[in-house]
Amino acid sequence: MAEKELRRLKRRDLLQMLLMQCEETERLQRETDEMREKMAVTLESYERLKKKLDVKDERLNQKDVKITDLIQELEELRAEKEAGEERIQAIEAAFCQFRRMFEEIQRTVEEYMGNSKKRSEKKNPFETGRIVSIRKKQNAFRNGQPEGSLEQNTAVENKPEKEYGIAASGDIYG
């Protein structure tokens with residue numbers, strides 16, 4: 001309102017206006033106080049949330065560091081695993097070589113044993129079970145008769161076997 005209009009108003013109207021203004025001011029003051037209280041509560045909540053978020057951020061940072069460490073450890077384990085697999089492959093290759101070598105040795109031993117068995121199956125000339133041929137002793141003359149005469153052959157055939165001996169070759173001489 002303009003100043004001229006205020007001067008025209010009566011005292012009672014002015015007081016009434018003043019009273020309304022005071023009531024309005026009080027109402028606004030109460031609203032302001034309520035808003036300040038709400039704002040204080042909100043700020044307090046904000047600060048609590050901010051602290052919680054800071055704690056969570058710190059935990060996340062720690063977890064990120066831990067994840068990075070675990071990834072690095074995982075990479076190291078993968079590298080060790082690959083190195084271990086390479087070592088295993090080298091060991092397997094050496095094992096295969098040894099196995100082939102031992103199989104070859106086994107074949108050689110079996111072949112040797114087979115040959116040895118075959119040789120041992122052949123009759124030993126000094127065995128007692130061998131059948132030996134009997135031949136005459138090589139003498140030019142016997143009892144004044146040439147070898148090969150009829151009388152000599154008959155004499156040898158009629159002689160007992162006691163007179164014959166076993167020679168080193170396995171033959172029996174008379």
Stepwise side chain to side chain donor-acceptor pair (under 3.5 Å) test for Ser45 and Arg48
CA-CA 5 Å; Ser45 292; Arg48 278 186 286 134; 3.2 Å; yes

Answer yes if Tyr112 and Ile105 sit in the same cluster of Ile, Leu, Val, Met, Phe, Trp and Tyr residues linked by side chain heavy atoms under 4.5 Å apart, and no otherwise.
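They do share one cluster, since a chain of ILVMFWY contacts under 4.5 Å joins Tyr112 to Ile105.
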
Would you say Met101 and Val109 are hydrophobically clustered, going by side-chain heavy atoms of ILVMFWY under 4.5 Å?
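Yes, Met101 connects to Val109 through the hydrophobic network.
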
Roughly how far apart are [X] [atom1] and [Y] [atom2], rounded to 0.5 Å?
X	Y	atom1	atom2	value
Leu53	Leu60	CG	CG	10.0 Å
Lys66	Asp64	NZ	CG	12.5 Å
Leu77	Glu82	CG	CD	11.5 Å
Thr108	Met113	OG1	CE	13.0 Å
Glu37	Thr42	CD	OG1	11.5 Å
Arg99	Glu92	CZ	CD	10.0 Å

Can you tell me which residue among Gln16, Met17, Arg11 is in a side-chain contact (heavy atoms from CB on, under 4.5 Å) with Asp13?
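Testing each of Gln16, Met17, Arg11 against Asp13, the sole residue satisfying side-chain contact (heavy atoms from CB on, under 4.5 Å) is Gln16.
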
Report the C-alpha separation of Arg36 and Thr32 in whole Å, then their side-chain angles, then the decisive distance to 0.1 Å, and conclude whether the side chain to side chain contact (heavy atoms under 4.5 Å, CB included) test is met.
CA-CA 6 Å; Arg36 281 185 183 161; Thr32 306; 3.9 Å; yes

Between Arg100 and Glu103 (salt bridge meaning N to carboxylate O under 4.0 Å), is one present in this structure?
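A salt bridge is absent here (no side-chain N lies under 4.0 Å from a carboxylate O).
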
Is it true that Lys50 and Glu47 make a salt bridge, defined as a side-chain N closer than 4.0 Å to a carboxylate O?
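Salt bridge: no.
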
Just checking, is any N or O donor in the side chain of Gln89 or Glu85 under 3.5 Å from an acceptor N or O on the other one?
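No donor-acceptor contact under 3.5 Å links the two side chains.
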
Does atom CZ of Arg27 have more than 12 heavy-atom neighbours, drawn from other residues, nucleotides or ligands, at distances under 6.0 Å?
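For Arg27, atom CZ is crowded (more than 12 foreign heavy atoms under 6.0 Å).
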
If you count every heavy atom of other residues, nucleotides or ligands that lies below 6.0 Å from Arg107 atom CZ, does the total exceed 12?
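Result for CZ/Arg107: enclosed.
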
Walk me through it: do Val65 and Asn61 pass the test side chain to side chain contact (heavy atoms under 4.5 Å, CB included)?
CA-CA 6 Å; Val65 168; Asn61 289 339; 5.6 Å; no

With a 4.5 Å limit on heavy-atom distance, are the side chains of [X] and [Y] in contact?
X	Y	result
Glu58	Asp54	no
Lys38	Met35	no
Glu73	Asp69	no
Ile67	Ile71	yes

Please identify each residue that fulfils side-chain contact (heavy atoms from CB on, under 4.5 Å) with Arg87, with sequence neighbours left out.
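Ala83.
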
